[in-house]
Structures are given as C-alpha cells and as structure tokens.
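Note on naming: letters A, B, ... go to the chains in the order of the sequence lines (proteins, then strands), and numbering restarts at 1 for each one. Predicted model, so just to flag it, every value in this text is computed and none were measured. For the numbers below, each heavy atom of this structure counts, side chains included, while hydrogens, waters and symmetry mates do not.
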2 protein chains.
Amino acid sequence: MIKKNKATIYDVAEKAGVSRQTVSRVLNNRLEVSEETRQRVKEIMAELNFQPNAVAQSLSRQKSFLFGVVTSGLKYLGPSRVLSGITNKAEELGYGLLLKEVQNSNSANIIPVLDWFKAHQVDGIIWAAPEVEDNRQWIKDVLPMIDIPIIFLTMEEEENVTIVTTDNFTGARVAVNHLIQKGRKNIAHISGPLDWWEARQRKMGWESALTEAGIHVDDRMWTQGNWSSKSGKTAFLELIEKYPEVDGIFAGNDQMALSILQTAPEIGKRIPQDLSIVGFDGIAESEFYIPSLSTVYQNQDELGRIAVTELVSQTEMKLKENKAVEPKYITIQPELIIRQSS
Amino acid sequence: MIKKNKATIYDVAEKAGVSRQTVSRVLNNRLEVSEETRQRVKEIMAELNFQPNAVAQSLSRQKSFLFGVVTSGLKYLGPSRVLSGITNKAEELGYGLLLKEVQNSNSANIIPVLDWFKAHQVDGIIWAAPEVEDNRQWIKDVLPMIDIPIIFLTMEEEENVTIVTTDNFTGARVAVNHLIQKGRKNIAHISGPLDWWEARQRKMGWESALTEAGIHVDDRMWTQGNWSSKSGKTAFLELIEKYPEVDGIFAGNDQMALSILQTAPEIGKRIPQDLSIVGFDGIAESEFYIPSLSTVYQNQDELGRIAVTELVSQTEMKLKENKAVEPKYITIQPELIIRQSS
DNA sequence: GTGAAAGCGCTAACAC
DNA sequence: GTGTTAGCGCTTTCAC
C-alpha cells in the first residue's frame with residue numbers, strides 16, 4: 001500500500017525488537033530467520049506500511065534490477081512494437097526499465113546516454129535504436145570501455161557483440177521470389193533510407209533474388225523513400241518515370257507500399273493485374289488496404305522479448321560466474337503473407 | 001566518457017588533496033569554492049574519468065530527477081506517440097524516465113506499480129494509460145495516500161487531479177457537423193470499446209451533434225468495435241444490416257474507418273457518393289487510404305509534452321514552496337481534416 | 001573557502 | 001538464529 005510517511009527498516013526493527021539486519025533478512029527471504037521472528041517482523045511491516053527503498057537497495061547491492069533501453073523513432077509503429085515486447089518480458093522477469101529516446105545515434109549523443117545509464121547503475125542495456133550511418137564505429141570505440149552487458153537490436157553481425165535482428169535480407173528475397181513466381185518480369189524496389197542498415201539489407205535481398213533469377217539489376221529499377229507514405233508516393237512516381245515497364249514492386253515497408261496502392265490507379269495501373277506489390281513489416285492495417293497488401297511480416301514484439309531474455313541471462317551469468325557470455329547473433333525469420341496486391 | 005573502474009568522489013578528493021565535501025561542491029557548482037580549487041578538482045575529475053553515481057545522489061538528496069511513466073497498449077500508434085512526446089520533453093527538461101506498461105488498469109495491478117515507482121524515489125508520475133472501466137474508483141481510493149505529484153492523461157475531469165486530454169467530445173461533434181453540412185441524413189457511428197472513456201466521449205459527441213440538429217438517435221444507428229481494423233469491418237457489416245439507409249459514418253478511429261473504406265465498395269456502396277466517412281486520430285497513413293480519409297487529428301505528441309511540462313512545474317513547486325499546485329484540467333482541441341472520403 | 005561529522009536506507013561480512 | 005560493524009557514494013549540517 002502507498003503511504004505518505006515512509007517507514008524504514010529501522011522503524012520496523014525497533015518496533016519488532018530486533019536488529020535491522022534481521023529485518024533485512026526477512027525482506028530478502030533468507031532462511032536463517034526463525035519462523036516466529038519472521039512472522040512478527042512481517043506483521044510489523046504490514047502495520048507500518050513498510051516499503052523497502054529500492055534506491056538504497058541498489059546502492060548497497062550494487063545491483064539495480066533495472067535495464068536501460070535506448071529507442072528511436074518511437075512515434076513510428078516498428079520501434080514501439082519492439083518496446084512493447086521489451087516492457088512485457090522485462091516485467092515478467094522482474095526488471096524495470098529506464099528509457100531514453102535518441103534522435104539519431106552518432107557517437108556524440110551516444111556517450112552521454114551510456115554514461116547516464118551507467119550513473120544509474122543499470123544492470124544491462126538494450127540498444128533498440130536502428131543502425132544508422134556511423135553506428136558501427138562507436139560500437140568498436142565505446143564497447144570495450146563499458147562493463148555493462150549490452151544487447152543490440154537490428155544490426156549487422158559484429159564480433160564480440162550480441163545482436164538480435166529480423167533477417168531482412170532473406171525476407172526481401174522471399175518477397176521478390178514470390179513476385180518472380182507470379183510471372184513478374186520487371187521487378188522494382190522502393191527502398192527505405194539507405195543510411196539505415198535494414199533498408200540496405202532489404203535492397204540487397206531484392207538484388208540477390210533478381211540476380212539469382214538471371215535478371216540484370218540496374219539503377220533505373222529502384223528509388224529511395226524515407227519509410228513514410230508520403231515519401232513512398234514521390235519515390236513511386238519517380239520510379240514509374242524512369243522504369244515505365246515495371247510490373248512488380250517490392251516496397252521497403254508497408255507505409256510506402258500503401259501510397260503505391262493509392263497512386264497506381266490514378267496513373268492507370270491496376271493492382272495486381274498491371275502491377276504487383278509486396279510490402280514489408282506486416283502491420284495490422286495492411287490487411288485492410290485496397291487491395292489488401294501482400295507483405296513480409298516481422299515479429300517485432302518477439303524481437304524485444306528475446307533481447308530481454310538474452311540480457312537477463314547475460315547479467316545473471318556475469319553475476320554468478322563472473323564470466324562473460326559468448327556473444328550471439330540471433331536472427332528471426334520473417335514470414336511472407338500473400339494477399340490480393342500480388 | 002565510459003570507464004570500467006569507476007572513480008568515486010573519494011578518489012578525486014584524495015588525488016586533489018581536498019576533502020570530499022569540496023569535490024561535492026564542485027560537482028554541484030556551488031559558489032563557495034575558490035576558482036583555483038575548482039579548476040584543480042575539475043582536472044582531476046577529467047583525469048580519473050569520474051562520473052557521479054546517480055543512485056547515491058538520489059539516496060542522499062531524496063530526489064531522483066526521474067519520472068515514472070505508466071503506459072498501456074504500446075503496440076498501438078496512439079500510446080507510443082504520447083510516449084514519444086513524453087520522452088522528448090523529459091529529456092529537454094533534464095528528467096529521466098522509468099517505464100511500466102500495464103495490461104489493464106484495475107486497482108489490483110495499479111497499486112504495485114505505484115509502489116514500485118515510489119520505492120524508486122521517482123519525483124513524479126505520468127499516468128498515460130487510458131481510462132478503462134473502474135479507473136475512477138482507484139484514483140479516489142489511492143490518490144490521497146500518495147505524496148508524489150501525478151498527471152493523468154486522457155481522462156474525465158476529476159476534483160483535485162491534474163489531467164491533460166484531447167477534447168474527444170468536441171472533436172466528435174465537429175466531425176459529425178461536417179457530415180451534416182455535407183447533406184448527410186443518416187449518420188451512424190462505429191464506436192471504440194465503450195469501457196474506454198475516449199470511446200464514450202466520441203459517441204456522446206456524435207449523439208450531441210445529431211440531437212442538436214434535430215435528428216433522433218437510436219440504437220440501430222451505431223455499433224461497437226475494439227479500435228482494430230478487423231473489428232471495424234465486423235462492426236460495419238453489422239451496422240449496414242440494421243441501418244441500411246446509412247449515408248455517413250463517423251468512425252471511432254482511423255483504423256476502423258480504414259476497413260469501412262475497404263468493405264463498402266464490396267457491398268456496392270461508393271465512397272463518398274453513397275457513404276461519407278470521417279475517422280478520428282489523424283494518423284499519417286490516413287492521407288493515403290483510398291479514398292483519402294477525412295479525420296479528426298489529435299496531437300498526441302503534444303499531449304505528452306504538456307504532461308511533462310506540467311509535472312515538472314508541480315514537482316519544483318512542491319520542492320521550493322512546499323505547497324501543492326492547484327490541479328488543472330487541460331484540454332487540447334483536435335482538428336478536422338477534410339479529405340476525399342467525405 | 002574548506003573540512004569533519006552525520007546520515008540517506010539498506011546489505012554484506014563477520015561475530016556470537 | 002541474531003546482532004554488530006562497516007560500508008555503498010554522495011550530500012547536508014555545522015564548525016573553523
């Protein structure tokens with residue numbers, strides 16, 4: 001229960017006629033307390049509405065049961081789904097979360113975030129901000145200097161670093177192969193911003209699938225958006241201009257695919273007859289687009305949950321055996337959902 | 001900079017040949033330190049990569065510069081936009097965030113969350129989980145017992161409680177009046193789940209506007225969804241069944257509106273000729289639906305930002321003058337965006 | 001201007 | 001089983 005005037009372990013000890021240590025033992029469910037004493041202390045605790053002070057515990061234990069989470073672009077669907085998975089799994093496993101959102105992750109604004117987490121004694125860090133630009137560099141620079149376990153999400157494999165990510169490359173290949181199977185001959189791509197690793201992976205998957213099918217890839221066949229529907233529209237119009245024979249598009253995400261569905265009929269292209277579309281992400285709404293959108297579903301909730309599970313095992317490993325866990329590269333396979341747009 | 005072996009205030013003091021107090025003074029930018037000493041201490045700090053331990057500071061100061069944030073349904077767009085506003089403004093004002101996501105907020109799982117926040121010495125709490133069911137009751141029960149400032153989001157006005165919310169009622173009225181002006185005679189509503197306060201407000205706004213226009217409202221004229229597109233489709237089909245003469249729909253949110261846009265043509269209703277649609281929320285994608293969706297835009301980012309601003313002012317008020325701020329009911333007006341669907 | 005002492009609330013290590 | 005003694009790292013009196 002919540003109370004204004006906070007009782008401390010000291011008050012409980014005094015009222016129960018035991019030492020503070022004994023109270024602490026009861027608090028931590030240690031065995032070496034007689035059942036009788038334990039009961040009495042517990043009663044007094046209830047009576048005084050005693051609540052242990054977590055800050056004092058953290059300081060004393062040198063362990064906070066808190067993880068730091070770095071996110072970015074929370075106003076978009078993807079990052080928040082990941083965060084949702086993180087919050088749920090962390091709750092399950094008894095950890096709290098300290099949250100920071102960063103705008104863009106260049107080394108300059110990363111250091112303060114890590115320092116802040118460290119000052120707050122977090123037991124581990126989940127880096128859930130996407131890899132953009134020079135991410136790689138700071139990892140190499142900074143990581144060796146920090147002694148807190150970190151898990152990275154959505155990032156290229158890297159030595160000595162644990163990473164959890166969707167397999168964007170394979171996901172893209174599956175999408176494009178599907179279009180090929182549907183008999184499409186001129187399959188274009190509208191990529192996300194290419195300073196994002198995910199965007200690059202999906203583009204590479206598209207290229208890979210085409211090349212494998214003996215189709216030559218050149219720069220007429222793709223344009224770049226910034227994930228938003230608005231940018232998708234612009235990118236689509238640009239694409240049509242320079243690659244008019246296009247009859248299939250693999251879009252970097254569902255939002256950009258959406259604007260293709262809207263714009264194509266306006267310029268006389270029927271979907272899927274004249275133009276087949278496949279998106280990426282598998283957001284819930286994509287089923288209700290017109291026509292319903294084929295897409296590559298990635299389970300971002302699961303991504304977050306795995307990250308937490310992994311982090312917990314790393315922190316406990318570190319605590320118990322005082323040895324680091326060997327880093328892992330964990331990959332989740334996305335899943336093609338075929339609907340009317342292809 | 002991040003370093004493994006953490007230097008303490010004690011190490012700095014020793015190396016600088018001063019007392020720990022003096023180091024603490026430099027740390028807190030107190031004036032009563034000679035410029036010379038200050039410089040020397042600062043140099044040593046840099047040299048040792050000294051980073052103050054925030055946990056120790058919190059314990060000692062009895063102030064953490066941390067806010068607790070309770071959210072719900074993070075995997076949906078609305079809550080994460082609000083959270084985004086919160087993170088950004090908190091960062092700006094120098095506060096960190098402790099995040100908890102709750103599934104549903106009945107008294108049973110609320111108390112532990114509040115207790116947890118309190119144990120962690122948060123300076124204030126933002127309750128960003130929507131009002132569902134018996135929310136009201138626990139507020140009355142629990143609030144008087146807690147001495148930490150709390151701001152609630154999206155909730156009915158309540159004595160002695162500070163609340164920040166979109167004016168859902170007025171927003172709904174504006175939407176429905178727009179449909180009336182467009183000459184629609186049979187304006188229906190697909191509501192969100194009515195245990196949500198927001199859903200009730202929007203439904204009441206719809207009723208109010210119709211009643212004011214002299215149109216009788218009865219139960220044939222509305223059905224209920226659960227915010228998802230899928231539920232919107234079901235609710236729409238049900239509505240068409242019992243209210244076939246419908247020629248305008250105000251949907252409880254954009255996702256549910258989306259599935260109407262998809263389903264209506266399938267049953268021979270053209271939009272907007274036979275059926276005008278207005279949604280609620282104004283999500284970015286709604287502009288790219290087919291046809292583009294008229295909607296009531298609410299600025300959820302701003303909602304979060306205001307909540308933080310308000311909370312900071314309350315905590316500082318409490319600290320300095322030791323008197324509570326008078327509670328406010330802050331309302332943000334949403335904005336009608338007219339597009340092709342109406 | 002600077003330092004010594006006490007304390008924030010709790011836990012770990014060692015006694016008995 | 002239980003208590004004593006030291007801290008965890010920092011800030012806040014109150015001296016000087």
Asker: Looking at Lys89(A) and Glu92(A), is there a salt bridge between them, counting it only when a charged N and a carboxylate O are closer than 4.0 Å?
Answerer: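 So Glu92(A) pairs with Lys89(A) through a salt bridge.
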Asker: Would Thr162(B) and Glu310(B) satisfy side chain to side chain donor-acceptor pair (under 3.5 Å), going step by step from the backbone distance to the final call?
Answerer: CA-CA 9 Å; Thr162(B) 294; Glu310(B) 200 55 36; 5.5 Å; no
Asker: If you take atom types as modelled and just measure distance, does the side chain of Ser60(A) reach the base of dG7(D) with a donor-acceptor pair under 3.5 Å?
Answerer: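 A donor-acceptor contact between them is present.
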Asker: Provide, to the nearest angstrom, the distance between the CD atom belonging to Gln62(A) and the C1' atom belonging to dA13(C).
Answerer: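 My rounded result for the distance is 15 Å.
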Asker: Among side-chain atoms of Ser19(B) and Thr22(B), is any donor-acceptor pair under 3.5 angstrom?
Answerer: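 On atom types as modelled, these side chains qualify, holding a pair under 3.5 Å.
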Asker: Answer with base, sugar-phosphate or nothing: what part of the nucleic acid does Gln21(B) contact at a heavy-atom distance below 4.0 Å?
Answerer: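 Base, at least one base heavy atom under 4.0 Å.
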Asker: Are OP1 or OP2 of dG3(D) and a side-chain N or O of Ser19(A) less than 4.0 angstrom apart?
Answerer: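 Ser19(A) to dG3(D) OP1/OP2: side-chain N or O found under 4.0 Å.
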Asker: Would you tell me whether Gln39(A) and Glu43(A) have side-chain atoms, one donor and one acceptor, within less than 3.5 Å of each other?
Answerer: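 Checked: Gln39(A)/Glu43(A) side chains show no N/O donor-acceptor pair below 3.5 Å.
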Asker: What nucleic acid atoms does Thr37(A) come within less than 4.0 Å of, heavy atoms only: base, sugar-phosphate, or nothing?
Answerer: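 Sugar-phosphate only.
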Asker: Look at the side chain of Arg25(B) against the base of dG3(C) and say whether a donor-acceptor pair falls under 3.5 Å; ignore hydrogens and angles.
Answerer: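 By the distance-only test, yes, there is a pair.
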Asker: When all nucleic acid strands are considered with a 4.0 Å heavy-atom cut-off, which category describes Arg38(B): base, sugar-phosphate, or nothing?
Answerer: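 Here Arg38(B) touches no strand at all.
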Asker: What contact category does Val55(A) fall into here, base, sugar-phosphate, or nothing, at under 4.0 angstrom with non-hydrogen atoms?
Answerer: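 It contacts nothing in the nucleic acid.
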